[in-house]
A.B. asks: 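One structure coming up, written as structure tokens, with questions to follow.
The sequence lines fix the lettering, A, B, ..., with proteins before strands; numbering per chain opens at 1.
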Number of protein chains: 2
Amino acid sequence: MPGLDPSLIADLPSFSGLERRELETLLGYAQPLRFSEGATVFAQGDEAESFYVLLDGHIRVVRSTPEGQQVIVRYISVGELFGIAAALGRSTYPASAVAAAECVALAWPNAKWDELTARFPSLGANTYKTVGGRLQDAHTRVVEMSTEQVEQRVAHALLRLVKQTGRKTAEGVEIDFPITRQDIAEMTGATLHTVSRVLQAWEKDGIVRGGRKRVVVISPHRLLLKAEARKES
Amino acid sequence: MPGLDPSLIADLPSFSGLERRELETLLGYAQPLRFSEGATVFAQGDEAESFYVLLDGHIRVVRSTPEGQQVIVRYISVGELFGIAAALGRSTYPASAVAAAECVALAWPNAKWDELTARFPSLGANTYKTVGGRLQDAHTRVVEMSTEQVEQRVAHALLRLVKQTGRKTAEGVEIDFPITRQDIAEMTGATLHTVSRVLQAWEKDGIVRGGRKRVVVISPHRLLLKAEARKES
DNA sequence: CGAGAAATTGAAAAGATTCAACTCTCGTGG
DNA sequence: CCACGAGAGTTGAATCTTTTCAATTTCTCG
């Protein structure tokens, strides 16, 4: 078996500072996996067996309440680590990971985490920088949920998606995977009805264009105004 | 100068796994500081010069929006690290730290962070476990803000404070530092008016007792019911 | 004791949800 | 190839929670 090609991960921030030989060693422990849209990579509460890096596609990280309501904690894009419960000192996954589109990922056994970070210190350092960034993101979201109303929160959520996964088209910037009103609602703590109304209003204004499981941002600039609007039109 | 006594920090989780001699070395770089109630330890946006461990008192970590609204990100209790921007790969503080009561803390220069974690690996490991825990907490809060209404959020916030800093009294469990309705509002994303009404209702029910800058939880059990209530009484 | 901060409370208004009905879109199978 | 059905989206009306506005009241510290 010819092993995986180091160029797969060589350019990812998570693996920066590693030599080609080290990458090869690392890949020796990795297992490539494919997930079709809607497939569950791991479920909240599961024993954490692996950590992952996303090579292609988009992953939705979801937390469910005891009452069954879902909240989308974040979207993972290509190159990002996910399922890193081991690095956080947890033995079960605190959230579920679902393929938002066709996905390819590499998985390492969690049992190897300590060994790998000991052998490749920059892997640990990079990971913790990632975790630090996510903590900032989470706090930002708490602030948004505390101080903004739905329209602004939806605007911020869309802008984040545009930056993270936007794909330029003739019309504007399109979110690069199927996303429903319900998904946006679960990202912003609103109902799909309210989200629908907000998007509808923006569409009339020519700021976005919607579609079944599609959102195209026509004017990111004007969307930013909506995101920052302290009241008024 | 006789140096600080290792017993100050020997029992704190952040320093577990360190030898007495190592603690002494560590303390050699630390500077003890006192802050009076309301004093600012560091301000959001400041160049991050130090990281801290709290030896006595309570610290409020606050994020402000451009519009001047404040959100309390978390309370730091005795033994916890704070201001660890360095560990998160940030050069400025993402939030302000304010003494919620008379405080004593130790400060280390951030410049020493890399050196110290290199010399004392368990310090790094402990810190990252802390950060991981805080990421979980932040996500939990996002979920609460998304799915619960004000009364439940206030109940959860109080229960967290009780667990973290509760002091048993004849009447019940008292939050161990001065806390206003406004503070609780900033923890829960509500207005002080709504918080006041909620607390007032609970007081009539005998679940809590309020006072100027004081909250005593008389029946944590019944408060927990409020926190979990999916609608109804 | 007085003054300012903190807390309470009623009434009106706003924002979002809930409920309900209806429409549109797309993929599948006859 | 077209019809059908389920999932996705839209939209009006009623309702509800929370905020906003505006007074007051209460407390505590100096």
Side-chain angles (χ1 to χ4, degrees), chain A residues 36-38 60 67-71 98 100 144-155 157-158 175 177-205 208-216 226 229-233, chain B residues 36-38 60 67 69-71 100-102 144-155 157-158 175 177-205 208-216 226 229-233:
Chain A
S36 47
E37 185 178 334
R60 220 192 345 265
E67 289 83 29
Q69 283 175 93
Q70 302 204 319
V71 175
V98 178
E144 282 180 11
M145 303 268 328
S146 297
T147 61
E148 298 176 355
Q149 29 197 77
V150 173
E151 186 177 38
Q152 294 174 271
R153 300 206 303 268
V154 172
L158 279 188
I175 308 301
F177 53 86
I179 185 168
T180 65
R181 307 291 179 267
Q182 176 70 41
D183 290 334
I184 297 174
E186 290 176 4
M187 298 175 70
T188 54
T191 61
L192 79 166
H193 306 279
T194 305
V195 171
S196 178
R197 286 181 234 267
V198 166
L199 255 39
Q200 208 57 23
W202 287 346
E203 185 151 3
K204 289 206 176 70
D205 267 16
V208 304
R209 228 175 57 69
R212 191 188 167 89
K213 294 194 181 188
R214 271 177 78 248
V215 178
V216 184
K226 294 288 183 188
R230 177 101 247 102
K231 208 68 195 264
E232 40 86 65
S233 168
Chain B
S36 46
E37 185 177 335
R60 220 192 346 265
E67 289 83 27
Q69 283 175 93
Q70 303 205 317
V71 175
E102 191 80 15
E144 282 180 10
M145 304 260 340
S146 297
T147 61
E148 299 177 353
Q149 25 198 81
V150 173
E151 187 178 37
Q152 294 174 271
R153 301 206 301 269
V154 172
L158 280 188
I175 308 301
F177 53 86
I179 185 167
T180 64
R181 306 290 179 269
Q182 177 70 41
D183 290 333
I184 298 174
E186 289 176 3
M187 298 175 71
T188 54
T191 61
L192 79 166
H193 307 280
T194 305
V195 171
S196 178
R197 287 181 234 267
V198 166
L199 255 38
Q200 207 58 23
W202 287 346
E203 185 152 2
K204 287 205 178 70
D205 268 16
V208 304
R209 227 173 59 66
R212 192 188 168 89
K213 293 195 182 188
R214 272 178 76 247
V215 178
V216 184
K226 293 289 183 188
R230 179 100 244 102
K231 209 67 195 266
E232 39 88 63
S233 166

A.B. asks: How would you label the contact of A:Gly211 with the nucleic acid (heavy atoms, under 4.0 Å): base, sugar-phosphate, or nothing?
C.D. replies: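 Answer is sugar-phosphate: A:Gly211 comes under 4.0 Å of backbone atoms only.
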A.B. asks: Taking for each residue the nucleotide of DNA chain D with the nearest heavy atom, is it A:Arg197 or B:Arg153 whose nucleotide lies nearer the 5' end?
C.D. replies: A:Arg197
A.B. asks: Looking at C:dA7, I'd like to know if its phosphate oxygens (OP1 or OP2) sit under 4.0 Å from a side-chain N or O belonging to B:Gln182.
C.D. replies: no
A.B. asks: Closest approach of B:Ala157 and B:Thr188, non-hydrogen atoms and distance?
C.D. replies: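 Distance-wise, the nearest heavy atoms are CB-CG2, 3.8 Å.
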A.B. asks: How many whole angstroms separate atom CD of B:Glu203 from atom P of D:dT26?
C.D. replies: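 The distance from CD of B:Glu203 to P of D:dT26 comes to 14 Å, rounded to the nearest Å.
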A.B. asks: Quick one: list whatever passes salt bridge (charged side-chain N to carboxylate O under 4.0 Å, His left out) with A:Arg212, sequence neighbours left out.
C.D. replies: none
A.B. asks: Check whether any side-chain N or O of A:Asp205 sits under 3.5 Å from a backbone N or O of A:Trp202 as a donor-acceptor pair, and report yes or no.
C.D. replies: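 Here the side-chain-to-backbone pair does not exist.
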A.B. asks: Mapping A:Thr194 and A:Arg212 onto DNA chain D by nearest heavy atom, which one lands closer to the 5' end?
C.D. replies: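 Checking each residue's closest nucleotide, the 5'-ward one belongs to A:Arg212.
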A.B. asks: Could you tell me how far apart B:Asp183 (CG) and C:dA7 (P) are, to the nearest whole angstrom?
C.D. replies: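 About 8 Å, once rounded to whole Å.
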A.B. asks: Can you measure B:Glu37 atom CD to C:dA5 atom P for me and round it to whole angstrom units?
C.D. replies: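 In whole Å, C:dA5 P and B:Glu37 CD are 15 Å from each other.
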A.B. asks: Examine D:dG9: is either OP1 or OP2 under 4.0 Å from a nitrogen or oxygen in the side chain of A:Gln200? Give yes or no.
C.D. replies: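 No, outside the criterion.
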A.B. asks: To the nearest Å, give me how far apart CD (A:Gln149) and P (C:dT17) are.
C.D. replies: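 Going from CD in A:Gln149 over to P in C:dT17 covers 11 Å.
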A.B. asks: Determine yes or no for a side-chain-to-main-chain donor-acceptor pair under 3.5 angstrom, with B:Glu203 supplying the side chain and B:Gly210 the backbone.
C.D. replies: yes
A.B. asks: If I take atom CZ in residue A:Arg214 and atom C1' in nucleotide C:dC26, what distance separates them, rounded to the nearest angstrom?
C.D. replies: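 A:Arg214 atom CZ is separated from C:dC26 atom C1' by 13 Å.
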A.B. asks: In this structure, how many angstroms lie between the P atom of C:dT18 and the CZ atom of A:Arg181, rounded?
C.D. replies: 19 Å
A.B. asks: To the nearest angstrom, how far is A:Leu192 atom CG from D:dG9 atom P?
C.D. replies: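 Taking atom P of D:dG9 as the reference, CG of A:Leu192 is at 8 Å.
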A.B. asks: Does A:Thr191 make a side-chain N or O approach to OP1 or OP2 of C:dT17 shorter than 4.0 Å?
C.D. replies: yes
A.B. asks: Between C:dG27 atom C1' and A:Lys213 atom NZ, what is the distance in whole Å?
C.D. replies: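 Result: 11 Å.
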A.B. asks: Decide yes or no, distance alone: a donor-acceptor N/O pair under 3.5 angstrom between the base of D:dT20 and the side-chain of B:His193.
C.D. replies: no
A.B. asks: Can you tell me if A:Arg153 uses its side chain to pair, donor with acceptor, with the backbone of A:Glu144 under 3.5 Å?
C.D. replies: no
